[in-house]
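Every chain is numbered from 1, with letters handed out A, B, ... down the list of sequences.
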Protein chains: 2
Amino acid sequence: MALVTLKQIAEKLGISITTVSKALKEYPDVSKKTRKLVRETASMLNYKPNSFAVNLRTKESKIIGLIIPVIVHHFFSSVIKGIVAQAEKKGYLVIILQSNESYELEKKQIDLLLSKRVDGILISLANETADFKHLNQVISQETPLVMFDKIAKIVKCSKVIIDDRKAAYKATQHLIDIGCKRIAHFRGPLLPQNSIDRFLGYKKALIDNNLEYDPSLVYICECGEMSFEEGKKNASQLLKDHKDIDGIFINTDLVAIGAMTELIKQGVKIPEDISVVGFSNWFMASIISPSLTTINQPGLEMGKNSFKLLYKEIKERKKKKTINYKELVLETELVIRDSTKN
Amino acid sequence: MALVTLKQIAEKLGISITTVSKALKEYPDVSKKTRKLVRETASMLNYKPNSFAVNLRTKESKIIGLIIPVIVHHFFSSVIKGIVAQAEKKGYLVIILQSNESYELEKKQIDLLLSKRVDGILISLANETADFKHLNQVISQETPLVMFDKIAKIVKCSKVIIDDRKAAYKATQHLIDIGCKRIAHFRGPLLPQNSIDRFLGYKKALIDNNLEYDPSLVYICECGEMSFEEGKKNASQLLKDHKDIDGIFINTDLVAIGAMTELIKQGVKIPEDISVVGFSNWFMASIISPSLTTINQPGLEMGKNSFKLLYKEIKERKKKKTINYKELVLETELVIRDSTKN
DNA sequence: TTCTAAATCGAAAACGTTTTCGATTTAACG
DNA sequence: CGTTAAATCGAAAACGTTTTCGATTTAGAA
């Protein structure tokens with residue numbers, strides 16, 4: 001029952017551990033005959049190399065860490081899937097941690113992963129995170145690091161993102177194109193870069209089209225959680241504050257769906273009275289009614305590419321090459337549905 | 001930059017490696033004075049024990065493996081969240097793998113996890129899986145194993161499930177209670193136990209209420225994927241086959257939502273003409289219109305409890321106790337919404 | 001046959017930790 | 001001061017692998 005070791009194979013064949021090890025790795029300095037013999041008895045005894053020993057000797061674990069703000073989330077679970085699939089192809093396993101949008105947890109988890117000596121770390125930042133010492137620590141320990149989606153521009157590492165500003169601009173421009181004149185924006189929390197960028201894209205589209213930018217039309221998510229309830233709350237407030245709104249660009253599909261629910265409940269017709277555009281293209285957006293116009297955010301692709309960049313850095317570091325960080329910007333597209341038909 | 005080892009601390013203080021190690025673990029046979037000294041210099045030098053060496057020595061990795069059929073899935077991502085959170089509390093990390101409902105992949109992934117020498121494995125079976133040698137291999141290697149949701153009854157290990165039969169019975173009974181006489185069932189694929197059990201619950205409810213059980217009203221998911229499209233396809237076929245249907249119990253919310261979409265498109269009124277009950281209580285079910293009556297399946301709880309059972313077995317094995325497997329059945333509840341109002 | 005080169009093997013160190021057990025020092029007491 | 005017990009320490013083995021480098025064997029050529 002106890003697991004087989006090189007030593008046992010060696011004893012069984014009356015040869016040295018060294019030779020067994022080399023035979024299994026097809027070293028040219030062990031004869032074809034013994035190589036074959038060793039291979040056969042190894043598989044007969046169902047030998048599996050002891051990862052712990054291999055790790056210690058080779059100083060690598062073939063495991064990477066992934067820190068993500070939330071797991072139960074259409075976009076992020078797609079990212080996870082992309083990362084796990086791509087990693088498996090290259091022989092890497094993925095440890096997943098959820099930061100719960102908390103900076104403190106994120107810090108602890110980075111520490112945990114470093115102490116486990118993972119071969120690399122993938123991270124999408126918590127909304128709270130405004131200080132980056134923990135990330136710089138990763139870099140200074142020469143552990144490969146790649147950030148995706150919710151990134152910090154200042155941190156020197158590879159990144160995979162979308163152009164949030166451009167996408168938000170596209171979304172807002174679409175509202176303008178179909179005739180909206182007074183467009184509100186439900187934005188995300190203050191800190192995260194993508195929340196800021198989406199807001200800036202919205203603002204720029206207004207200005208470029210000679211529409212007034214009115215700060216009172218921008219609703220910030222104060223609770224930090226982009227929920228269905230948040231959308232209902234904001235929509236309700238918006239109807240009280242402004243009677244003349246004819247379009248809303250909303251930071252996240254889930255919030256947009258909450259907003260639409262509240263608007264409809266209060267008798268607003270979508271898209272006749274108010275057009276709504278979301279962001280992310282959750283599956284849900286396609287099946288509610290009215291179906292939601294939104295920006296497609298390629299989660300799977302983002303996951304795959306993030307791992308690829310990390311893998312590249314792992315390889316480069318092993319070869320002691322100088323590594324140059326890449327910033328990959330993935331394409332987004334506007335998916336037009338019933339919430340903005342004119 | 002190179003990482004600090006016990007040896008370096010020992011040399012710096014002019015004491016032995018042994019003492020340093022023991023001091024950091026608060027052994028009583030090293031004086032309080034040296035203990036303090038060691039602790040201080042260790043934290044000063046930012047010492048982190050080398051996991052690889054610790055693993056090799058202690059023969060445990062503090063990592064568990066999780067194999068799941070799909071990641072992008074409301075129920076399963078909730079389970080993941082539950083497991084990861086609970087594991088973290090006990091100092092364990094979680095490696096996640098997606099079997100993609102494939103038996104071959106599942107086998108490979110079990111092998112991978114065993115060769116990584118994880119301290120335990122959590123698994124929800126692929127739909128395809130009908131042979132359990134790979135699982136019995138886990139057990140015979142004395143690696144703790146817990147199955148959840150999609151389980152195999154024959155395999156001797158702890159399990160966390162819901163009573164699918166009872167839940168399906170409840171769902172069907174509800175349809176009967178509101179007056180349905182001809183109730184169809186969209187079931188899952190042939191193999192998985194929960195697909196079978198939900199079907200049996202449906203059938204038993206009919207019989208107990210003196211309603212005819214008509215096999216032609218049961219639609220099997222042949223493609224093996226419980227998708228939105230599957231629901232549309234089945235609903236369309238159902239309308240062709242049977243004109244007198246007044247209720248449908250559907251294996252999964254996603255399929256139910258697809259079915260409702262198709263029904264509405266074809267002019268059927270829900271719930272006036274046909275009442276629909278889903279299964280799982282995805283978030284989506286609460287926000288579509290009409291909102292979907294469904295069975296709440298506690299994903300988070302299932303995840304937490306699965307880890308707890310695994311943890312229990314890990315502890316028991318370490319103490320060489322005899323382990324007795326548990327089968328935990330979690331409660332479900334019927335959530336009544338607009339798709340079945342009478 | 002003898003010498004040289006190539007082919008084949010194995011001893012040993014190393015990775016960094018944990019833990020056993022024996023050695024040494026200190027304290028306590030008669 | 002001598003004896004004993006308690007307190008404190010460290011040498012060494014062990015976990016299982018990888019890899020260097022030297023040793024031995026074999027084959028080939030002269």
Indicate the atoms forming the closest heavy-atom contact of A:F52 with B:R117, along with that distance.
CZ-O, 3.5 Å

Length of the [atom1]-[atom2] vector between [X] and [N], whole Å:
X     : N      : atom1 : atom2 : result
A:K62 : D:dT17 : NZ    : C1'   : 16 Å
B:N50 : D:dC15 : CG    : P     : 18 Å
B:N55 : C:dT17 : CG    : P     : 12 Å
A:K48 : D:dC15 : NZ    : P     : 21 Å
B:K32 : D:dC9  : NZ    : C1'   : 17 Å
B:K33 : C:dT26 : NZ    : C1'   : 12 Å
B:L6  : D:dG10 : CG    : P     : 13 Å
B:I17 : C:dA14 : CD1   : P     : 12 Å

Looking at the side chain of [X], which of [options] is the nearest nucleotide?
X     : options                : answer
B:A53 : D:dG10, D:dT20, C:dT17 : C:dT17
B:L56 : D:dT19, C:dC9, D:dG16  : D:dG16
B:K59 : C:dG10, C:dC15, D:dC15 : D:dC15
A:T18 : C:dT17, D:dA11, C:dA11 : C:dA11

Is any side-chain N or O of B:Y47 closer than 4.0 Å to OP1 or OP2 of C:dG16?
no

Has A:T34 got a side-chain N or O lying under 4.0 Å from the OP1 or OP2 atom of C:dC9?
yes

Report the distance from atom CD1 of A:I64 to atom OG1 of A:T143, rounding to the nearest 0.5 Å.
12.5 Å

Run the salt-bridge test on B:E104 and B:K108 with the 4.0 Å N-O cut-off and return the result as yes or no.
no

Is it true that A:K150 and A:E101 have a side-chain N and a carboxylate O under 4.0 angstrom from each other?
yes

Look at all strands and tell whether [X] reaches a base, only sugar-phosphate, or nothing, counting heavy atoms closer than 4.0 Å.
X     : value
A:Y27 : sugar-phosphate
B:D29 : base
B:S31 : sugar-phosphate
B:K25 : sugar-phosphate

Could you label the plane-to-plane angle of the B:H73 and B:F75 rings as parallel, tilted or perpendicular, counting under 30° as parallel and over 60° as perpendicular?
perpendicular

By nearest heavy atom, map B:T19 and A:T5 onto DNA chain D; which one lands nearer the 5' end?
B:T19

